[in-house]
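Here's the structure we're looking at; comments come further down.
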Amino acid sequence: ALSARGIKTALIDRKDFGGETSQSSSNLIWGGIKYLEGLEFGLVRQLCRSRNQLILAYPSSVREIRFFTNLEKGFRFPALMIYLGAFLYWLMGICFTRPPRLLSRSKIDREEPVISTSNSIGGVEYSDAYLVEHDSRFVFQFIRRALTEECAAVNYIESQGSELKEDGHWLTQVRDTQTGKEWSIRSRVVINACGPFVDRQNEISRQKGKHRHIFSKGIHLVVPRLTEIERVLTFFADDGRLFFAIPMGNRTVIGTTDNRVKEPETEVTQEDRQFVLDNINKRVKLKHPLEEKDIFAERWGVRPLVLETGQVDQNSDWTKLSRKHAIDVDTEKRHISIYGGKLTDCLNIGEELCAELSRMGITLPDPKKRWFGEPEPEKRLDFLNQAQKLGLINEVVPLADLMTTAERWASEILECAPMSVRASKQMAIQGLDSPLNIAFARNYSEQQKQVASNDRIEGPRAFSEKRPPKWTGT
């Protein structure tokens with residue numbers, strides 16, 4: 001935001017860009033429906049507005065998705081009340097998404113048979129949004145755009161603290177984490193946007209703020225796809241927290257946990273894995289319950305939750321803390337610290353930072369310039385045409401012609417030998433699990449059948465005889 005609006009900006013990161021909390025999310029862009037229970041209407045309205053902006057600004061990366069929620073007997077609210085809450089949530093989002101639906105137990109059985117409804121009282125379906133791509137890749141879009149605005153952005157550079165000099169400028173000592181080389185960066189303003197490490201960085205720089213963090217650990221397990229329908233299955237876990245089964249390509253991401261931890265560095269424990277597996281197995285009907293051997297990957301990180309510096313940390317209440325953000329500003333020293341927040345909130349934080357710098361007396365040369373969003377359609381089309389010329393994609397068509405083109409491609413594929421189509425499909429799906437060299441070396445059952453088939457002989461014969469092939473599937 002700052003670089004786009006004309007401020008000379010430097011960004012440093014001690015690891016990969018977006019390599020901490022930003023790569024540990026649920027990949028959801030949501031307005032915080034659960035915060036309605038805590039009557040945080042202002043926060044929900046703000047997050048819904050940001051969600052809507054992101055859907056409009058990033059149509060390729062952020063898309064609406066339905067949350068299919070099953071409620072169980074003994075839940076703290078009846079299904080009708082949850083539906084009314086979802087309806088209020090929809091209204092607070094200015095009816096931007098599809099409206100919610102009240103689900104009966106029979107409707108859940110009919111529409112999503114993988115859900116176990118033996119203990120169900122019905123449910124609700126509502127809309128939020130999700131990231132089509134990985135969360136850290138989405139974060140890097142902002143950095144890549146800033147680079148085009150002459151932002152100096154480098155990673156594997158660690159801040160060793162900032163010191164305010166007599167001339168009113170900050171001197172930040174930095175170190176290259178790979179070579180050990182050290183130097184300093186001079187700036188008028190320091191913005192501490194270190195996520196869960198904000199407190200540590202302020203301590204090094206001897207900055208005292210109005211807020212501090214406590215940490216909640218959340219983990220996700222990546223398992224085989226549970227349902228073919230592109231929607232989020234939503235439950236309430238044994239501890240009462242929202243619990244998701246989220247589609248991610250040909251996988252499902254299940255979680256999350258909510259465990260208090262003292263430090264931002266954390267890991268997945270055996271207890272975490274068992275909690276997630278036990279909760280999902282109780283709530284879905286699978287041929288075989290999910291086990292540890294079914295886990296392809298694990299995602300984990302901490303939620304930086306905000307407390308005021310003098311606020312008492314009561315363990316009984318910490319799970320009720322929301323993901324709101326707070327910005328501490330020392331106008332005299334020109335030092336800013338960003339506490340808390342979530343991915344959905346990124347646009348609000350960017351605008352607030354611009355406003356805070358203006359209040360410090362720093363002029364933004366282009367204060368109204370748009371600093372987020374995908375390129376205009378004309379620029380996107382030019383990019384796609386260039387990619388086609390390079391052989392990276394096969395064809396570029398207008399959206400209105402998408403289905404017609406897809407049907408034409410499908411028809412051309414269906415003219416090929418059925419056994420070859422099956423073999424290609426099997427190799428593509430199973431090969432995704434492995435590095436390229438291993439995928440090529442693997443034996444595929446459908447390929448072996450195709451190699452030994454009559455159709456393998458028929459193809460070259462029909463070509464040499466200049467006639468259409470006659471596939472038998474044998």
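Owing to the predicted nature of the structure, the values given are computational and were not obtained by experimental measurement.
- For the salt bridge (charged side-chain N to carboxylate O under 4.0 Å, His left out) test with D258, the passing option among R303, K217, K34 is R303; the others fail.
- T69 contributes atom OG1, which lies 13.5 Å from atom CZ of F243 (distance to the nearest 0.5 angstrom).
- Between L286 and V114 there is a side-chain heavy-atom pair separated by less than 4.5 Å.
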Audit row: I229, F68, side-chain contact (heavy atoms from CB on, under 4.5 Å) steps and yes/no = CA-CA 11 Å; I229 302 174; F68 202 82; over 6 Å; no
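- Qualifying salt bridge (charged side-chain N to carboxylate O under 4.0 Å, His left out) partners for R273, counting only residues two or more places apart in sequence or in other chains: E298.
- For the pair I280 and L221, the minimum side-chain heavy-atom distance is 4.5 Å or more.
- Once rounded to the nearest 0.5 Å, the distance linking CG of L91 with SG of C48 reads 10.5 Å.
- Using modelled atom types, no side-chain atom of T344 and backbone atom of G31 make a donor-acceptor pair closer than 3.5 Å.
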request  = Might you work through the side-chain contact (heavy atoms from CB on, under 4.5 Å) test for D135 and V139, ending with a clear yes or no?
outcome  = CA-CA 6 Å; D135 44 11; V139 169; 5.7 Å; no
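- Note on residues 217-236: pairs passing ring-ring contact (aromatic ring centres under 6.0 Å, His included), not counting sequence neighbours, are F75-F236.
- For E374 (side chain) and S60 (main-chain N/O), a donor-acceptor pair under 3.5 Å exists by modelled atom type.
- Heavy atoms of other residues, nucleotides or ligands lying less than 6.0 angstrom from CZ of F41 number more than 12.
- Side-chain atoms of T257 come within 3.5 Å of backbone atoms of I219 as a donor-acceptor pair (strictly under, hydrogens ignored).
- For the pair P224 and D294, the tightest heavy-atom approach, listed with the atom from each and the gap, is CD-O, 3.3 Å.
- The line from CG of L47 to NZ of K324 is 12.0 Å long, rounded to the nearest 0.5 Å.
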Report, one line per pair, each donor and acceptor closer than 3.5 Å where one atom sits in a side chain of residues 150-157; sequence neighbours left out.
from : atom 1 : to  : atom 2 : distance (Å)
Y156 : OH     : D16 : OD1    : 2.4

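- Side-chain contact between F215 and P196 is present, with at least one heavy-atom pair separated by less than 4.5 Å.
- Taking the six-membered ring where tryptophan is involved, the planes of W371 and F142 are tilted, since the angle between them lies from 30° to 60°.
- Note on D328 versus K208: no salt bridge recorded, every NZ/NE/NH1/NH2 to OD/OE distance being 4.0 Å or above.
- In this pair, W170 and H335 present their aromatic rings tilted. The plane angle is within the 30 to 60° band.
- Contact check on R408 versus E395 returns a salt bridge, with a Lys/Arg side-chain nitrogen under 4.0 Å from an Asp/Glu carboxylate oxygen.
- Annotation: side chain of L28 is not in contact with side chain of D128 (no heavy-atom distance under 4.5 Å).
- Between Q173 atom CD and S162 atom OG the span is 9.5 Å, to the nearest 0.5 Å.
- Residue Y89 holds its OH atom at 10.0 Å from OH of Y35, rounded to the nearest 0.5 Å.
- Between the side chain of E64 and the backbone N or O of S127 there is no donor-acceptor pair closer than 3.5 Å.
- With contacts defined as side-chain heavy-atom distances shorter than 4.5 Å, the pair S26/I246 qualifies.
- Minimum interatomic distance between A1 and C354 (heavy atoms only, all atoms of both residues): CB-SG, 3.8 Å.
- Between the side chain of R145 and the main chain of G373, a donor-acceptor pair closer than 3.5 Å is present.
- Q388 places a side-chain N or O within 3.5 Å of a backbone atom of N394 that can act as its donor or acceptor partner.
- Ring planes of H211 and Y339: tilted class, angle from 30 to 60°.
- Within the 4.5 Å cutoff, no side-chain heavy atoms of R442 are placed close to those of Q447.
- Taking OH from Y83 and CZ from R101, the interatomic distance works out to 10.5 Å, rounded to the nearest 0.5 Å.
- Residues H169 and R188 meet the side-chain proximity criterion, which asks for heavy atoms closer than 4.5 Å.
- Under the 4.5 Å side-chain criterion, counting only non-hydrogen atoms from C-beta, E265 is in contact with F197.
- Judged purely by atom type and a 3.5 angstrom limit, D272 uses its side chain to pair as donor or acceptor with the backbone of T269.
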inquiry  = Let's go through S337 and Q207 carefully: what are the C-alpha distance in whole Å and the side-chain angles of both, what is the deciding distance for side chain to side chain donor-acceptor pair (under 3.5 Å) to 0.1 Å, and is it a yes or a no?
reply    = CA-CA 9 Å; S337 300; Q207 291 297 306; over 6 Å; no
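- Annotation: R370, atom CZ; neighbour count of heavy atoms from other residues, nucleotides and ligands within 6.0 Å is above 12.
- For the residue pair E158 and I12, the shortest heavy atom distance occurs at C-CD1, 4.5 Å.
- Summarising the geometry of A245 relative to L226, their closest heavy-atom pair is CB-CD1, 4.2 Å, with the distance given to 0.1 Å.
- Between R225 and E230 there is a salt bridge, since at least one side-chain N of the basic residue sits less than 4.0 Å from a carboxylate O of the acidic one.
- Here the closest heavy-atom approach between residue G161 and residue I204 is recorded as CA-CG2, 3.4 Å.
- The local environment of CD in E228 is sparse, with at most 12 non-hydrogen atoms from other residues, nucleotides or ligands closer than 6.0 Å.
- The local environment of CZ in R66 is crowded, with over 12 non-hydrogen atoms from other residues, nucleotides or ligands closer than 6.0 Å.
- We find that E263 and R200 are joined by a salt bridge, their nearest charged nitrogen and carboxylate oxygen being less than 4.0 Å apart.
- Residues C194 and N192 share a closest heavy-atom pair of SG-OD1, 3.1 Å.
- Judged as a side-chain contact (heavy atoms from CB on, under 4.5 Å), and not counting sequence neighbours, T363 has no contacts.
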task = Applying side-chain contact (heavy atoms from CB on, under 4.5 Å), run through R359 and T331 and close with a yes or a no.
result = CA-CA 8 Å; R359 280 191 280 270; T331 304; over 6 Å; no
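- Listed for the D199 side chain is a donor-acceptor partner under 3.5 Å among the backbone atoms of H213.
- Counting only distance, with no hydrogens or angles, the side chain of T266 and the backbone of G301 share no donor-acceptor pair below 3.5 Å.
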message = One pair to check against side-chain contact (heavy atoms from CB on, under 4.5 Å): V261 and V302. What are the steps and the verdict?
response = CA-CA 8 Å; V261 290; V302 295; 3.9 Å; yes
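- Looking at residues two or more places apart in sequence or on another chain, you find a side-chain contact (heavy atoms from CB on, under 4.5 Å) between V132 and R63, Y130.
- For the side-chain contact (heavy atoms from CB on, under 4.5 Å) test, residues two or more places apart in sequence or in another chain that qualify with A129 are I29, R51, I55, V62.
- Without hydrogens or angle criteria, T309 side chain to G209 main chain gives a donor-acceptor distance under 3.5 Å.
- Within 6.0 Å of atom CD in E376, 12 or fewer heavy atoms from other residues, nucleotides or ligands are found, so the atom counts as exposed in its surroundings.
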